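Read through the structure below, which is laid out as structure tokens, and then see the notes.
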Amino acid sequence: MRKQFLSLLLAAGLAFPLVAQEGYRPSPQILEARKEFQDNKFGIFIHWGIYSMLADGEWVLNNKNINYEEYGKMAGGFYPASFDAREWVKAIKAAGAKYICFTTRHHDGFSMFDSQYSDFTITKATPFKRDIVKELADACHEEGINLHFYYSLIDWTRDDYVPLGNSGRGTGRPLKGQWKDYYAFMNNQLHELLTNYGEVNAIWFDGKWDQRDNPDFDWGFPGIYSRIHEAQPGCLIGNNHHEAPIAGEDIQIFERDLPGQNTAGFSEGQEVSLDLPLETCETMNGMWGYKITDQNYKSTKELIHYLVKAAGMNANLLMNIGPQPDGRLPQTALERLKEMGEWMSQYGETIYGTRGGLVSPHDWGVTTQKGNRLFVHILNLKDKGLFLPIEGKKIKRAIRYKDQAKVHFKQEKEGVLLLLDEVPTDIDHVIELQF
Ligand code: FHN
């Protein structure tokens, strides 16, 4: 099945083998973790930090050229009294998501965990003092939700962030430090994250793209990656660098676009991996971090379509929420989670554990597949008939997934014509074909 899907991608000019991974042999444990990750299909991204107090997104320090010392003082007022990790995790689990990716430290350099390598942390610099990552990790482990840690490569406040790029230039921090110190700092913090919080299923790096002014800069990823695997051999590694994954990376990440698309401009020239799990990340509204004026939430239908399309393109969806400074998830986000959960409780079987299906994505929708079951997700069809170019496979049975009603079909050499009783109007009209 995978072969067929890949050949369709190739035919569409979408997928290529990646040479940058040459020589890398993932361990059996990593291969198993990759499979579990792909089976999980749906995760929730959480961008949260002290920037939520300014309610203008996670880039506010850079965008407003705020002085780094003044920005740092905000930590003294960060007291998210309503934060309840269990409530978050329960709402996310009820949505059908199988993992959470949390920003342990974003570009502002503030650590949402207790770290002996920085004073700019939730436990030392705020009156709240509670280790948010610890509470979230414990809640995830209790609820059986996988845990991924976002970790920024960029730092807009430290003086030893040497690969200085286009961002963070207006924060006024002195640049007098040395790269070796920053590198050691990152490795030390990653070690803390991987040894103090139980099982971590993935580390999600971000920010390599900031080195544009310094294209030959060497981040020393092989060293970072091998230390991660020393600490947790089954921990997956993803790096949102908008380039082909390099040796040691397990997930190919697409930002604000489905694999093979480039509407957001982050995926230019990015070839879709044939070998690696794919993940696409997107915001529920418009911004990653909390922005008070951004009420531009996608509808539940749009979110479900995004998830289904990602699955049909063999990718996971990592859907973002930006919590409020009081520690609550925004009400609209909670409503979307609830409605997605209702849909997933009915249709989850057609998403979890599947891979991109035999029929490549079309305007009308996508297909997902599990063994000899092909799920045809009709998202946008104005007719009662749908032709599927399935050749060389005998269809034994066609049913409407929601009520198991028989669907009439005609099978010819060139493909199968599904004859529906009516023009589909559901969010996702799923037909199951059994071979
Ligand atoms: O700069 C970040 C941004 O704030 C956010 O974290 C996203 C998530 O994919 N990644 C970066 C932009 O590529």
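Numbers here simply count residues along the sequence, with the first being 1. Keep in mind that this is a model prediction, so the values were computed, not measured.
Counting heavy atoms from C-beta on, the side chains of K402 and D426 come closer than 4.5 Å. At least one side-chain heavy atom of Q324 sits under 4.5 Å from a side-chain heavy atom of P330. At a threshold of 4.5 Å between non-hydrogen side-chain atoms, the residues I44 and F42 count as touching. Y297 has its side chain out of reach of L303: every pair of non-hydrogen atoms, C-beta onward, lies at least 4.5 Å apart. Put simply, the side chain of I30 reaches to within 4.5 Å of the side chain of D250, judged on heavy atoms. Inter-residue side-chain proximity for Q178 and D160 is flagged as unmet; no heavy-atom pair is nearer than 4.5 Å. The shortest side-chain heavy-atom distance between T354 and K41 falls under the 4.5 Å cut-off.
Partner K338 forms a side chain to side chain contact (heavy atoms under 4.5 Å, CB included) with one of E342, R336, E335 and no other, that one being E342. The only member of D428, L358, V359, L388 that meets side chain to side chain contact (heavy atoms under 4.5 Å, CB included) when paired with V376 is L388.
Between F205 atom CZ and E249 atom CD the span is 9.0 Å, to the nearest 0.5 Å. Taken from CZ in R86 to SG in C140, the straight-line distance is 10.5 Å, to the nearest 0.5 Å. With rounding to the nearest 0.5 Å, the separation of CG in D114 from CG in D131 is 5.5 Å. Atoms OG1 and CZ, on T121 and F113 in that order, are 8.5 Å from each other to the nearest 0.5 Å. To the nearest 0.5 Å, the span separating CG on N196 from NZ on K134 amounts to 9.0 Å.
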Legend entry - Residues D155, R105; criterion salt bridge (Lys or Arg N to Asp or Glu O under 4.0 Å); working and verdict: CA-CA 9 Å; D155 194 300; R105 173 174 155 275; 2.8 Å; yes

- Message: Could you go through L418 and L433, starting from their C-alpha distance and side-chain angles, then the distance that decides it, and tell me whether this counts as side chain to side chain contact (heavy atoms under 4.5 Å, CB included)?
- Response: CA-CA 10 Å; L418 296 181; L433 302 184; 3.9 Å; yes

Exercise for the section: With side chain to side chain contact (heavy atoms under 4.5 Å, CB included) as the test, would you mind laying out the steps for T157 and T171 before giving the verdict? Expected result: CA-CA 7 Å; T157 49; T171 65; 5.6 Å; no

Given side chain to side chain contact (heavy atoms under 4.5 Å, CB included), test N63 with D56 step by step and report yes or no. CA-CA 9 Å; N63 293 353; D56 199 11; over 6 Å; no

For V430 and H377: C-alpha separation, side-chain torsions, deciding distance, then whether side chain to side chain contact (heavy atoms under 4.5 Å, CB included) applies.
CA-CA 5 Å; V430 184; H377 297 266; 3.8 Å; yes

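A donor-acceptor contact shorter than 3.5 Å is absent between the side chain of Y117 and the backbone of N187. Between the side chain of Y182 and the backbone N or O of P163, no donor-acceptor pair lies under 3.5 Å. With hydrogens and angles disregarded, a donor-acceptor distance shorter than 3.5 Å links the side chain of Q232 to the backbone of G198. The closest donor-acceptor contact from the side chain of R169 to the backbone of G165 lies under 3.5 Å. Looking only at distances, a side-chain donor or acceptor of N316 sits under 3.5 Å from a matching main-chain atom of F37. Without hydrogens or angle criteria, Q252 side chain to S273 main chain gives a donor-acceptor distance under 3.5 Å. A distance-only check finds a donor-acceptor pair linking the side chain of D294 to the backbone of M287 [under 3.5 Å]. Distance alone, capped at 3.5 Å, places no donor-acceptor pair between the T368 side chain and the I351 backbone.
Evaluation of the ring pair (Phe, Tyr, Trp, His ring centres under 6.0 Å) rule for Y347 yields W343, Y401 as partners, not counting sequence neighbours. Not counting sequence neighbours, the partners of N62 by the side chain to side chain contact (heavy atoms under 4.5 Å, CB included) test are W59, W156, S167. Take T280 and apply the side-chain hydrogen bond (donor to acceptor under 3.5 Å, both in side chains) test, not counting sequence neighbours, and it matches no residue. Not a single side-chain hydrogen bond (donor to acceptor under 3.5 Å, both in side chains) links K90 to another residue, sequence neighbours left out. In this structure, the side-chain hydrogen bond (donor to acceptor under 3.5 Å, both in side chains) partners of W48, at least two apart in sequence or on a different chain, are S52. Every residue two or more places apart in sequence or in another chain that forms a side-chain hydrogen bond (donor to acceptor under 3.5 Å, both in side chains) with T300 is listed here: E339.
Between the side chains of D257 and T263, at least one donor N or O lies within less than 3.5 Å of an accepting N or O. Using a 3.5 Å distance cut-off with no hydrogens or angles, the side chains of Q189 and Y151 do pair a donor with an acceptor. Neither side chain, Q270 nor N262, offers a donor N or O lying under 3.5 Å from an acceptor on the other.
The ring of W179 has its center closer than 6.0 angstrom to the ring center of F217. Side-chain rings of F110 and Y71 stay apart, their centers remaining 6.0 Å or farther from each other.
Counted within 6.0 Å of NZ on K298, heavy atoms from surrounding residues, nucleotides or ligands total more than 12; the atom is thus considered enclosed.
Screening residues 313-342 for ring-ring contact (aromatic ring centres under 6.0 Å, His included), with sequence neighbours left out, gives no hits. Residue pairs that meet the ring-ring contact (aromatic ring centres under 6.0 Å, His included) test with at least one member in residues 267-288, sequence neighbours left out, are F45-W288, H47-W288. Listed by first then second residue, pairs satisfying salt bridge (Lys or Arg N to Asp or Glu O under 4.0 Å) with a partner in residues 185-210 read K208-E243, not counting sequence neighbours. Residue pairs meeting the salt bridge (Lys or Arg N to Asp or Glu O under 4.0 Å) criterion with at least one partner in residues 301-322, sequence neighbours excluded, do not occur; the list is empty. Residue pairs satisfying the ring-ring contact (aromatic ring centres under 6.0 Å, His included) criterion with at least one member in residues 305-327, sequence neighbours excluded, are absent. Among residue pairs with one or both ends in residues 317-329, those qualifying as salt bridge (Lys or Arg N to Asp or Glu O under 4.0 Å) are D326-R328; sequence neighbours excluded.
We find that D159 and K176 are joined by a salt bridge, their nearest charged nitrogen and carboxylate oxygen being less than 4.0 Å apart. Using a 4.0 Å cut-off between charged nitrogen and carboxylate oxygen, K98 and E36 do not count as a salt-bridge pair. Ion pairing of R355 with D39 is present here, as a side-chain N (NZ or NE/NH1/NH2) and a carboxylate O approach within less than 4.0 Å.
The aromatic rings of F128 and Y79 sit perpendicular, their planes meeting at an angle over 60°, well past the 30° parallel limit. Ring geometry for Y150 versus H107: interplanar angle of 30 to 60°, hence tilted.
Figure legend: R130 and F83 shown without cation-pi pairing, the cationic atom not lying both under 6.0 angstrom from the six-membered ring centre and within 45 degrees of its axis.
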